[in-house]
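Report on one structure; see the data block that follows.
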Amino acid sequence: MIWAHIRLHVGYIRRKMKMDSLLAVDNLKKYFETSYGVVKAVDDISFDIKSGETFGLVGESGSGKSTTGYLIVGIYKPTSGRILYKGQDISIPARKRPKHLKKEIQIVFQDPKSSLNPKQTVKDIVELPLKVHEKSLSKADREARVKELLEAVGLPPEDFMYRFPRELGGGENQLVAIARALASNPSLIVLDEPTSALDVSIQAKIINALIDLQRKYNLSYLFITHDLSLERNVADRIAIMYLGKIYEVAPTDKFFINPLHPYTKMLLSSIPVLTDEEEKLKPKEIKSVGEIPSPVNPPSGCRFRTRCPFATEKCAKVEPSFVEMEPNHFVACNLYE
Ligand SMILES: Nc1ncnc2c1ncn2[C@@H]1O[C@H](COP(=O)(O)OP(=O)(O)O)[C@@H](O)[C@H]1O
Ligand SMILES: [Mg+2]
């Protein structure tokens with residue numbers, strides 16, 4: 001009786017989790033035709049982001065993280081696969097998306113220096129999306145809204161409104177970029193390495209601002225970074241990406257207590273730790289070795305096998321599929337099949 005009840009309840013939670021997904025990515029691919037061949041930047045990935053969730057996407061440089069983010073905001077058109085926003089297919093470039101959907105998904109890039117127009121004041125920068133998406137606002141309303149947004153990100157409007165990006169520090173500029181992303185009242189923001197170009201001393205400030213804003217506006221984040229340790233403080237769930245594919249997805253704590261994929265272990269073994277307990281948890285058996293192969297000619301079977309100390313013949317032949325090892329903890333590795 002009790003078991004039947006628990007099973008029903010688990011079924012309910014699963015259905016609810018599915019229902020609550022704000023964004024779903026289904027078998028998404030993005031190939032680039034280049035003079036040196038077809039780059040399989042994103043090669044058949046699936047995941048979803050729940051409402052209010054921070055979903056971390058982690059992998060070394062070149063694994064396809066930015067391309068994934070750009071597909072979601074509509075900078076690129078997918079080669080195949082689907083992107084669903086609240087169940088609606090948005091697998092088309094942003095300029096073709098319905099206006100009310102375009103404003104829902106925004107992006108903050110890694111380097112505010114290149115993403116902000118140097119000729120515009122902070123006010124102009126934050127006001128632009130209001131002019132595009134909130135046409136009914138009067139000039140005075142828009143100005144009030146710009147002030148509100150600057151205050152929300154911790155930049156006192158009286159000090160910052162009429163300054164130019166070159167007069168601000170990197171962290172301050174990134175806060176301007178965040179205010180601009182917030183202007184259209186989005187539900188999802190893609191954060192593409194939002195602190196990687198900044199001084200370490202400013203990184204925590206930006207992360208804290210992002211966490212506060214998420215609570216205040218019930219935002220969902222796709223938080224992209226090459227730094228798995230950064231996700232520990234922000235992400236609810238994490239997906240590990242390597243050469244265009246996702247190899248492990250789990251709630252954040254699972255990654256640090258029970259990492260399963262050899263690639264995840266490799267990423268973990270190279271991050272600095274603070275305490276002896278953390279040092280004990282660090283996987284010892286895998287050190288970062290080898291070069292990342294080219295996404296033009298990825299290895300057959302499991303793409304990580306050329307760097308994996310546990311690879312067998314099977315790994316060259318069989319492409320691993322996802323197995324749910326514990327609730328919500330998925331891994332694609334031939335060791336676990
Ligand atoms: N516009 C493009 N044309 C050709 N190749 C690209 C383009 N954008 C990205 N790539 C290639 O796709 C792969 C994934 O890139 P990217 O998504 O930027 O990775 P990440 O953000 O994880 O570092 C890389 O090999 C990169 O060189
Ligand atoms: Mg990138």
Side-chain angles (χ1 to χ4, degrees), residues 23 25 27-47 49 54-81 83 91-95 105-115 170 174 177-178 181 188-198 203 206-207 210 221-231 234-235 238-249 255 261 263-264 266-268 270-271 288 290-300 303-304 306-307 332:
L23 186 101
V25 163
N27 303 109
L28 192 65
K29 292 187 184 178
K30 181 65 187 174
Y31 291 0
F32 296 107
E33 311 266 348
T34 68
S35 54
Y36 45 91
V38 178
V39 177
K40 297 174 176 172
V42 170
D43 202 5
D44 198 356
I45 62 169
S46 302
F47 62 86
I49 302 176
T54 297
F55 189 83
L57 188 58
V58 176
E60 290 162 294
S61 169
S63 52
K65 306 181 299 296
S66 292
T67 304
T68 303
Y70 294 174
L71 286 163
I72 290 170
V73 288
I75 294 172
Y76 295 141
K77 182 179 179 291
T79 302
S80 66
I83 304 164
S91 323
I92 40 175
R95 64 192 147 78
I105 307 177
Q106 297 296 324
I107 184 164
V108 173
F109 297 97
Q110 172 171 351
D111 185 5
K113 262 205 294 290
S114 50
S115 77
Q174 195 61 307
I178 293 168
L188 173 68
I189 303 184
V190 173
L191 302 160
D192 189 3
E193 310 249 13
T195 62
S196 305
L198 306 176
Q203 288 184 4
I206 302 289
I207 299 287
L210 287 168
Y221 290 147
L222 174 64
F223 195 107
I224 295 174
T225 175
H226 64 277
D227 181 357
L228 185 49
S229 61
L230 195 57
E231 298 284 14
V234 287
I238 298 174
I240 301 289
M241 199 167 178
Y242 184 77
L243 272 182
K245 292 206 177 275
I246 290 177
Y247 282 108
E248 186 164 0
V249 183
F255 273 98
H261 200 283
Y263 181 54
T264 309
M266 192 190 98
L267 291 175
L268 281 168
S270 60
I271 66 177
S288 176
E291 295 285 313
I292 307 174
S294 156
V296 175
N297 251 324
S300 62
R303 292 184 179 183
F304 184 61
T306 55
R307 295 169 77 195

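Every number for a ligand or one of its atoms is a count from 1 in the order of the listing. For clarity, every value in this text was computed on a predicted model and none was experimentally measured. Just so you know, these numbers use all the heavy atoms, side chains as well, and skip hydrogens, waters and symmetry mates.
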How close does the nearest protein non-hydrogen atom get to [atom], and which residue and atom is it?
atom                    : result
atom 19 (O) of ligand 1 : Gly64 N, 3.2 Å
atom 22 (O) of ligand 1 : Lys65 NZ, 2.8 Å
atom 8 (N) of ligand 1  : Phe32 CE1, 3.5 Å
atom 17 (O) of ligand 1 : Thr67 OG1, 2.6 Å
atom 25 (O) of ligand 1 : Pro295 CG, 3.2 Å
atom 12 (O) of ligand 1 : Ala41 CB, 3.3 Å
atom 14 (C) of ligand 1 : Gly62 O, 3.5 Å

Under 4.0 Å to a heavy atom of [X] - the qualifying atoms of ligand 1, by number:
X     : result
Val39 : 11 (C), 12 (O)
Thr34 : 4 (C)
Ser63 : 19 (O), 20 (P), 22 (O)

Check: [X] side chain, [Y] main-chain N or O, donor-acceptor pair, under 3.5 Å:
X      : Y      : value
Thr79  : Tyr31  : yes
Lys245 : Asp43  : yes
Tyr263 : Glu248 : no
Lys40  : Lys30  : no
Lys65  : Phe223 : no
Gln110 : Ser196 : no

*Side chain or backbone of Ser66 under 4.0 Å from ligand 1, or both, or neither, by non-hydrogen atoms?*
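Contact part for Ser66 vs ligand 1: both backbone and side chain.
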_With a heavy-atom distance limit of 4.0 Å, tell me whether Tyr76 approaches ligand 1 through its side chain, its backbone, both, or neither._
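Just the side chain.
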_Any Gly59 heavy atom less than 4.0 Å from ligand 1_ =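 Checking ligand 1 against Gly59, which is what was asked, there is no heavy-atom contact under 4.0 Å.
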*Heavy atoms, side chains only, cut-off 4.5 Å: are Phe304 and Met266 in contact?*
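The answer is yes; the side chains approach within 4.5 Å.
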*Determine the sole option in Ile178, Val234, Val108 for which the side chain to side chain contact (heavy atoms under 4.5 Å, CB included) test with Leu210 is passed.*
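Only one option passes, and that is Ile178.
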*With a cut-off of 2.8 Å, does any N, O or S atom of Ser66 fall short of it relative to the Mg ion (ligand 2)?*
yes
*asked:* Please evaluate residues Leu188 and Ile72 with respect to the criterion side chain to side chain contact (heavy atoms under 4.5 Å, CB included), reporting the C-alpha separation (whole Å), side-chain torsions for both, the decisive distance (0.1 Å), and the verdict.
replied: CA-CA 10 Å; Leu188 173 68; Ile72 290 170; 4.1 Å; yes
